[in-house]
Enquirer: 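Right, I'll just put the structure down here and ask away after.
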Amino acid sequence: MYTEPEIKESANRSYIEFYYNGTRLREYNANKLGLSILPNKAKTKANKHKLLKKLKFEFDKALEKGWNPFELPSNPEPILSLKQAVDKIVAEKSGGNYSRTYIRDIVATSKQFLAFLTETELNSPSDRLTSNRIAQFLDGYNTSNRNYMNKRQYLNVIFPGTIIKTHKKKTVEKLHEVYSEPILKTVLHFLRTEYPRLHLTALPDQTGYQTMIT
């Protein structure tokens, strides 16, 4: 029997508390679950609270599945470095049932992100990376709000939590905007490669198309 974990916050060390078979337990991190959740190393009070909520969620889930805090796991999973965690997610996405363009953008974003980080950051657990460093990376793609938001969404796939830790920027869609010939040529080439059927419906006429792509 166990009680639902409760968050206990203080100015010094915060933790979650619950009872298991009558014994009171306090957990300051998720090491027992093989997870890297370290609320007391958070830089801000808000981020610390978010990590405590995540810590509570993971222990709730483990207890519901029958986890016994007094039994040591036979093969505890090692804590992955940031690079290992990103590579694992990219491998899972690459092998999934996703479009070629989606996988291409995920792979490209992962390479750009890993190249941006320092060796120390790459070899540290993911939760050690500060929000400021994520924002600095995204600032490199701030040529437009749409470009920034697209990169932010892809980064959130390979580095979960990006959307929570970074600012959203409003995008304004322009309807019925006339494309210049170079842009239209690029769009038609993209459609022809990735979406052949849609490409055919986008052609104004055969003569105009030949002019566009030559």
Enquirer: With a 4.5 Å heavy-atom cut-off, do Lys88 and Leu80 have their side chains touching?
Expert: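 When only atoms from C-beta onward are counted, Leu80 and Lys88 do touch, with a gap below 4.5 Å.
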
Enquirer: Please determine whether residues Leu55 and Tyr20 belong to a single hydrophobic cluster, defined as Ile, Leu, Val, Met, Phe, Trp and Tyr linked transitively by side-chain heavy-atom distances below 4.5 Å.
Expert: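 Yes; tracing contacts between hydrophobic side chains, which count when under 4.5 Å, links both residues.
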
Enquirer: So, for Phe59 and Ala30, which heavy atoms are closest and what is the spacing to 0.1 Å?
Expert: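 In terms of heavy atoms, the two residues are closest at CE1-CA, 4.2 Å.
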
Enquirer: The test is side chain to side chain contact (heavy atoms under 4.5 Å, CB included); show your working for Phe159 and Leu129 and say whether it passes.
Expert: CA-CA 10 Å; Phe159 193 74; Leu129 191 66; 3.8 Å; yes

Enquirer: Evaluate the side chain to side chain donor-acceptor pair (under 3.5 Å) criterion for residues Ser99 and Thr101: first the C-alpha distance (whole Å), next the side-chain angles of each, then the deciding distance (0.1 Å), finally the verdict.
Expert: CA-CA 5 Å; Ser99 69; Thr101 51; 3.2 Å; yes

Enquirer: Evaluate whether atom NZ of Lys165 has more than 12 neighbouring non-hydrogen atoms of other residues, nucleotides or ligands under 6.0 angstrom away.
Expert: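 Enclosed: over 12 neighbouring heavy atoms sit under 6.0 Å from NZ of Lys165.
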
Enquirer: Quick one: do Asn132 and Lys43 satisfy side chain to side chain donor-acceptor pair (under 3.5 Å)? Show the steps, please.
Expert: CA-CA 11 Å; Asn132 185 52; Lys43 301 298 182 181; over 6 Å; no

Enquirer: Pairs in or reaching into residues 91-112: which pass ring-ring contact (aromatic ring centres under 6.0 Å, His included), with residues at least two apart or in two chains?
Expert: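 Residue pairs passing ring-ring contact (aromatic ring centres under 6.0 Å, His included), neighbours aside: Tyr98-Tyr102.
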
Enquirer: Is Leu51 linked to Leu38 within one hydrophobic cluster, defined over Ile, Leu, Val, Met, Phe, Trp and Tyr using a side-chain heavy-atom separation of less than 4.5 Å?
Expert: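 Looking at the clustering, Leu38 is in a separate group from Leu51.
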
Enquirer: For the CZ atom of Arg128 and the OG atom of Ser36, what is their distance to the nearest 0.5 Å?
Expert: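 Answer rounded to 0.5 Å: 6.5 Å.
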
Enquirer: When rounded to the nearest 0.5 angstrom, what is the spacing between CG in Leu35 and CG in Asp127?
Expert: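 Reported to 0.5 Å precision, the distance equals 10.0 Å.
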
Enquirer: Does Asn21 use its side chain to pair, donor to acceptor, with the backbone of Met1 at less than 3.5 Å?
Expert: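 Yes, because the side chain of Asn21 sits within donor-acceptor range (under 3.5 Å) of the backbone of Met1.
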
Enquirer: Please give me the minimum heavy-atom distance between Ser14 and Asn40, naming the atom from each residue.
Expert: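 Looks like N-OD1, 2.7 Å.
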
Enquirer: Could you tell me whether the side chain of Lys54 reaches within less than 4.5 Å of the side chain of Lys56, counting heavy atoms only?
Expert: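 Side chain of Lys56 against side chain of Lys54, heavy atoms only: no contact under 4.5 Å found.
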
Enquirer: Thinking salt bridges, do Glu58 and Lys61 make one under a 4.0 Å N-O criterion?
Expert: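 A salt bridge is present here (some side-chain N lies under 4.0 Å from a carboxylate O).
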
Enquirer: With rounding to the nearest 0.5 angstrom, report the OG to CD1 distance, Ser124 to Ile79.
Expert: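 Between atom OG of Ser124 and atom CD1 of Ile79 there are 11.5 Å.
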
Enquirer: Does Glu6 come within less than 4.0 Å of Lys8, counting only side-chain N to carboxylate O?
Expert: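 Yes.
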
Enquirer: How long is the gap from CG on Leu82 to CZ on Arg133, to the nearest 0.5 Å?
Expert: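 It is 11.0 Å, given to the nearest 0.5 Å.
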
Enquirer: Going hydrophobic residue to hydrophobic residue with side-chain gaps under 4.5 angstrom, can you get from Phe70 over to Tyr19?
Expert: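 No, separate clusters.
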
Enquirer: Name each donor-acceptor pair under 3.5 Å that joins a side chain in residues 109-117 to protein atoms two or more places apart or in another chain, with its distance.
Expert:
unit_1 : atom_1 : unit_2 : atom_2 : d
Thr109 : OG1    : Asp105 : O      : 2.8
Thr109 : OG1    : Lys151 : NZ     : 3.4
Ser110 : OG     : Val107 : O      : 2.6
Gln112 : OE1    : Tyr141 : OH     : 3.3
Gln112 : OE1    : Lys151 : NZ     : 2.7

Enquirer: Would you call Lys168 and Tyr148 a side-chain contact if the rule is heavy atoms closer than 4.5 Å?
Expert: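 Lys168 vs Tyr148: side chains apart.
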
Enquirer: Between Lys41 and Asn29, does any side-chain donor sit less than 3.5 Å from a side-chain acceptor?
Expert: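 Side chains of Lys41 and Asn29: no pair found under 3.5 Å.
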
Enquirer: When hydrophobic residues are tied together by side-chain contacts of less than 4.5 Å, even through go-betweens, does Phe18 share a cluster with Tyr15?
Expert: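 Different clusters.
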
Enquirer: Okay, side chain of Asn156, backbone of Gly161: is any donor-acceptor separation there less than 3.5 Å?
Expert: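 Flag set: sc Asn156 to bb Gly161 pair under 3.5 Å.
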
Enquirer: In Å, rounded to the nearest 0.5 Å, how long is the span from OG1 of Thr162 to CG of Leu138?
Expert: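 These two atoms lie 7.0 Å from each other.
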
Enquirer: Measuring only between side-chain heavy atoms, which start at C-beta, is Ile16 closer than 4.5 Å to Arg26?
Expert: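 No. Closest side-chain heavy atoms not under 4.5 Å.
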
Enquirer: Side-chain heavy atoms nearer than 4.5 Å, only ILVMFWY residues, links allowed to pass through others: does that put Ile89 and Ile163 together?
Expert: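 No, it is not one cluster - the side chains of Ile89 and Ile163 are not joined through contacts under 4.5 Å.
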
Enquirer: Out of curiosity, Lys48 NZ to Arg13 CZ, how far, rounded to the nearest 0.5 Å?
Expert: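 Reported to 0.5 Å precision, the distance equals 9.5 Å.
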
Enquirer: Who passes side chain to side chain donor-acceptor pair (under 3.5 Å) against Ser126, sequence neighbours left out?
Expert: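 Checked Ser126 against side chain to side chain donor-acceptor pair (under 3.5 Å); zero matches.
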
